[in-house]
Protein chains: 4
Amino acid sequence: MSRKSNTLERRAEITAAMLRVLAEQGYERATIQAIAKEAQLTPGLIHYHFKSKSEILMALIEGLTAIFESRFHTLLAKAKTPKERLQSYVDARLAKGDGENPEAVAAWVIIGSEAVKQAEVQVAYAAAIAKEFKLIKQLLEARLAEEGKHTAAAHGLAAIVLASMEGSFQLASAAESVMPKRYAASNVMKMIERFILHEEDAA
Amino acid sequence: MSRKSNTLERRAEITAAMLRVLAEQGYERATIQAIAKEAQLTPGLIHYHFKSKSEILMALIEGLTAIFESRFHTLLAKAKTPKERLQSYVDARLAKGDGENPEAVAAWVIIGSEAVKQAEVQVAYAAAIAKEFKLIKQLLEARLAEEGKHTAAAHGLAAIVLASMEGSFQLASAAESVMPKRYAASNVMKMIERFILHEEDAA
Amino acid sequence: MSRKSNTLERRAEITAAMLRVLAEQGYERATIQAIAKEAQLTPGLIHYHFKSKSEILMALIEGLTAIFESRFHTLLAKAKTPKERLQSYVDARLAKGDGENPEAVAAWVIIGSEAVKQAEVQVAYAAAIAKEFKLIKQLLEARLAEEGKHTAAAHGLAAIVLASMEGSFQLASAAESVMPKRYAASNVMKMIERFILHEEDAA
Amino acid sequence: MSRKSNTLERRAEITAAMLRVLAEQGYERATIQAIAKEAQLTPGLIHYHFKSKSEILMALIEGLTAIFESRFHTLLAKAKTPKERLQSYVDARLAKGDGENPEAVAAWVIIGSEAVKQAEVQVAYAAAIAKEFKLIKQLLEARLAEEGKHTAAAHGLAAIVLASMEGSFQLASAAESVMPKRYAASNVMKMIERFILHEEDAA
DNA sequence: TATGAATGAGTTTTCATTCAT
DNA sequence: CATGAATGAAAACTCATTCAT
C-alpha cells in the first residue's frame, strides 16, 4: 500500500554528488543548488533527505572513510607479511591503481581544511584521523616486531606517516607539479622503511 | 601639500586582519564585513585599497611567505653547518619558540585548501610551494654532501619533507590530539636524518 | 465489502492535532508537516482529508465552538435561575474546573488574531463571535428581567462582556502574570453584576 | 568627509512599513519583501538596518508603546480631575478622534497573538502590558480615592479594564459588526464607573 | 582617503501541495 | 485509504561590491 522508501539510495546519490562537486569546484561553490544539479535532483529534495548542508558533509565523511577502508581491505586480502600489510595500507590511501579515486582524495583535503574551524566537521574529521592513526600504529608495531625492533617508536612514526599522507594529498591536489600523485606512495613507503631499519633492536 | 598616502599601511592592516579572521573563523566566515570589523575599518575602505576579496587573499599569501622567510633568516644567522641550516628551516616553519605564529599556520592550511580549486589562489599557492621546495632541496643537497652522500636523493626527500610539514600543519590545526604542535618539528627532523644516513655514499 | 470510511475520525484527529500545535507552537509553526507529526499521520494523508490548510483551520473553528458549547450545556443542566445560567456561561468559557481546556483557549487567541486579516478565517471567526454575542445578550436580558430592570442595556453590556472574555483569553495566554487564569471568571462575573445592579428599573 | 548616517530615519521608516503591512495583511504576509515594498526599499537594506525580522517586530512594539503614550500625554494635558485623567487614558487607547490610529490598534492585536508563543515577542509584549497595568491601577486608585472609596479594588478592576480594552481591540479588528470601534471607549468607561460606584466607602 | 548606505544576486531552508506507488 | 518522495515557489538572510557624500 505504501510507497517504497528510496531514502538510502537518494542519500547515497546526494553524498556522491557532493563529493564530485567538492572535488571539482571547492567548498565555496559546493552549494545546495550545485549539488542538486550534479545529482539531477531538486534543492527541495536534497533538504527532504538531509536536514542541512552540514548533515550531507557528515554523511560524506563517513562515506569517504568507508571508501578508504574498503580499498584497504581489498588489498589486505593478498598481503601475507606485516610489511605487505603496511604496503597495502599506504597503497590503499595513496597509490594509483585499481579503485583509485582522485576525487575522494581532493574532497578529503577540502574537508580537512573545513575541519580547521567548523566545529561539527572538526569532530568528525578528528575522529576519522584518530582511527587512521590507531590503525597505522598497529601496522607499524607489527612491522617493527617482524624486524626484531623495539615497538616504542611506532607512535611517533605513525604521526609522521599520517602527516606525510595528509600532506601528500594536499600537495597532490593543489600543487601537483611538486608532488605528482604517483610519487606519494613510494616516498612514504621509503621513508617508513628507513625509519624502521634504524630503530634499535629489541633486547 | 597632498595628504601622504597610507595605502601601504592600510593594505598591511587589512591583510593582517584577514589572517586573523581566517585563522579564527575559517574561510567561509572571512567576509569583507568581518575583515573590516577586525581591522576596525569600513567595508568601503577595504575595496578602496583592494579591488576584490581575492586580491586580499593574494596579498596574504605573499605576506605569509614573507613571515616564514623572515623567521628562517633570523634562525639562519646562528647556523653554521648544513645540518644546522636544515634545522633552522624546519624550526622556522614548524617549531614553537620565539616568533612562532599559530595563526599564520592555521591560515596557511585554509589557503592551501582553497587552492585546491580556486584557480587564482592555486597559482599563488603553487608558486609559494615551489619556492619552498627548491629551498628544501638545496638545504638537503648540502646536508647530503656534508655526509659524503649522493645528492640525487634530495628531490624525493624534499617532496616527502614538504608533505610532512604541510600535513603536520593540517593535523595540528584540525586534529591536535593526534599531532600536538610540539611533535611536528622533532619528528620531521628525525625522519630527515634517518633518510640521509641510509643514502649510499657518493663514489 | 468496501472498507468503512474513517474520514470523520481522521478529520477529528487532524483538527485536534492542529489545535495542539497551534497552542504549543503558534501559527507560524503550525505547518502541515508539524500537524502530521503531532497526529502521527503523513502530510499526504492530511491533504487527502482536507483540501487545504485553511480548511483545517475552518474545521478547527467549528470544533472549538462545539467544545465551548458542550461545556456550557453541561453546566447549564444544573442551573436554575437566569443568574445561574449566566454564571454557567462565564464558567464554561473562562473558569477552571472539569473539562477546562487551556489549549483550546490558546488556540482561540491565535485564531482570533489570524482573523484580523485572513479573509476566510475572519468570516468564520466573526460568525462564531456573533453567535456568542447573541447568546450572551439573551442571558443578560433574562438576568436583567429577573431583577426587574430594563433590558435595553443588554446589548452594550454583552459587547463589553464579550470583549472582557476575549481580552482575558489574550492576556492569560500572553501575559499571565497580569491576568492569572483563575481571576478572569470571577472578575467578569463581578463586573456583570455591578453593571446590572445599576441599571434603571423597568417602569 | 564621512557620509551622514540615516539609520534612525530608515529604522523608523521600516518599522512604520511593518506596522502598515501587519495591519493590512496580517503576520503571515508581513514578509521582508512586503515590508520592503511598502517602505520602497530593498530587502537587503532592511537587513542592513535590522539584523532579523523579529528585531523589527521588537522595534515596532517599542514604537507602538510610544504612540499610545504620546496620545495619552496629549489628552492628559487638558484633564484636571482623576476622573478626567482616567477618561483621557481610555480615550487615548480606544477612542476615535484626533490622532486615532486604527492601524496601530490592528497591529497591536496581531502582536498580542504572536506573543502567545514567540518567546522574544512575549517578553516585550508582557512588559508593555505590565506597564499599562501599573498605569491603569494608579489612575483607578486616584479615582477611587476621589470618591472616598477603598482603593484595594483597584487591582482587580485594572485587570478587567485591561482585558476589556485588549478584547475590544481584538473584536474591533476581527469582528467589527459586534464591536464597532466607537462603542469600545464608552462601554469601558461606563463599566469602570459602575464598578467604582459600588465599591465600599473607605472607613 | 574615508564613510556607511545601498544594491542585487545568491545562499540555505521551509512548506503547502501533488502524485506515483 | 495511506505513504512518503517530489516539486517549486517563496521565505529569511548574507555578502561582495558600488557609490554618493
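Only a predicted model underlies this, so the values are computations on that prediction, with no experimental measurement involved. By convention in this document, chain letters (A, B, ...) are assigned in the order of the sequence lines, proteins followed by strands, and residues within each chain are numbered from 1.
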Atom pair distance, as rounded to whole Å: [atom1] in [X] and [atom2] in [N]:
{"X": "Leu41(D)", "N": "dG8(E)", "atom1": "CG", "atom2": "C1'", "value": "14 Å"}
{"X": "Lys37(B)", "N": "dT14(F)", "atom1": "NZ", "atom2": "C1'", "value": "15 Å"}
{"X": "Glu9(A)", "N": "dG4(F)", "atom1": "CD", "atom2": "P", "value": "15 Å"}
{"X": "Gln40(A)", "N": "dA5(F)", "atom1": "CD", "atom2": "P", "value": "20 Å"}
{"X": "Leu45(B)", "N": "dA16(F)", "atom1": "CG", "atom2": "C1'", "value": "15 Å"}
{"X": "Gln33(D)", "N": "dT7(E)", "atom1": "CD", "atom2": "P", "value": "13 Å"}
{"X": "Lys53(D)", "N": "dT13(E)", "atom1": "NZ", "atom2": "C1'", "value": "15 Å"}
{"X": "Phe50(D)", "N": "dA5(E)", "atom1": "CZ", "atom2": "P", "value": "13 Å"}

* Verdict with reasoning, Glu24(A) to Glu103(A), per side chain to side chain contact (heavy atoms under 4.5 Å, CB included) -> CA-CA 8 Å; Glu24(A) 279 156 33; Glu103(A) 282 175 341; 3.1 Å; yes
Do the side-chain N or O atoms of [X] get closer than 4.0 angstrom to the phosphate oxygens (OP1, OP2) of [N]?
{"X": "Ser5(A)", "N": "dA5(F)", "answer": "yes"}
{"X": "Thr7(A)", "N": "dA5(F)", "answer": "yes"}
{"X": "His47(C)", "N": "dT17(E)", "answer": "yes"}
{"X": "Arg10(D)", "N": "dA6(E)", "answer": "yes"}
{"X": "Tyr48(D)", "N": "dA5(E)", "answer": "yes"}
{"X": "Asn6(B)", "N": "dA2(E)", "answer": "yes"}

* Asked: For DNA chain F, whose closest nucleotide is more 5', that of His49(A) or that of Ile46(C)?
  -> Ile46(C)
* **Residue met sooner reading DNA chain F from 5', once Ser52(D) and Lys4(D) are mapped to nucleotides** => Ser52(D)
Nearest non-hydrogen partners of [X] and [Y], listed with the distance:
{"X": "Ala59(C)", "Y": "Arg11(C)", "answer": "CB-NH2, 4.4 Å"}
{"X": "Ala34(B)", "Y": "Arg29(B)", "answer": "CB-O, 3.6 Å"}
{"X": "Ser54(D)", "Y": "Glu120(D)", "answer": "OG-OE1, 2.9 Å"}

* Asked: Does any nucleotide pair with dT21(F) by Watson-Crick or G-U wobble geometry, both distances under 3.5 Å, and what is it?
  -> dA2(E)
* Asked: Whom does dT13(E) pair with, Watson-Crick or G-U wobble, provided both distances fall under 3.5 Å?
  -> dA10(F)
* Within a radius of less than 6.0 Å around CD of Glu9(D), do more than 12 heavy atoms belonging to other residues, nucleotides or ligands occur? -> yes
* Asked: Is Gln33(D) atom CD crowded by more than 12 heavy atoms from other residues, nucleotides or ligands, each under 6.0 Å away?
  -> no
* Give me the residues of residues 17-25 of chain A where at least one heavy atom lies under 4.0 Å from an atom of DNA chain F, by number, or none. => none
Options [options], nucleotide nearest the side-chain atoms of [X]:
{"X": "Arg3(D)", "options": "dT21(F), dC1(F), dA16(F)", "result": "dT21(F)"}
{"X": "Thr42(D)", "options": "dG8(F), dA16(E), dT7(E)", "result": "dT7(E)"}
{"X": "Ile32(A)", "options": "dT13(E), dA16(E), dA5(E)", "result": "dT13(E)"}

* Earlier contact from the 5' end, DNA chain E, for Arg29(A) and Arg29(C) -> Arg29(A)
* Position toward the 5' end of DNA chain E (nearest nucleotide), Gly44(C) or Gly44(B) -> Gly44(B)
* Could you go through the side chain to side chain contact (heavy atoms under 4.5 Å, CB included) check for Ile14(A) and Leu45(A) one step at a time? => CA-CA 10 Å; Ile14(A) 293 165; Leu45(A) 189 55; 5.8 Å; no
* State, with a plain yes or no, whether a side-chain heavy atom of Leu41(D) is found less than 4.5 Å away from one of Arg10(D). => yes
* Asked: Going through the checks in order, is the side chain to side chain contact (heavy atoms under 4.5 Å, CB included) test met by Tyr27(B) and Leu57(B)?
  -> CA-CA 10 Å; Tyr27(B) 189 82; Leu57(B) 196 57; 4.0 Å; yes
* Between dT1(E) and dT21(F), how far is it from one C1' atom to the other, in whole Å? -> 13 Å
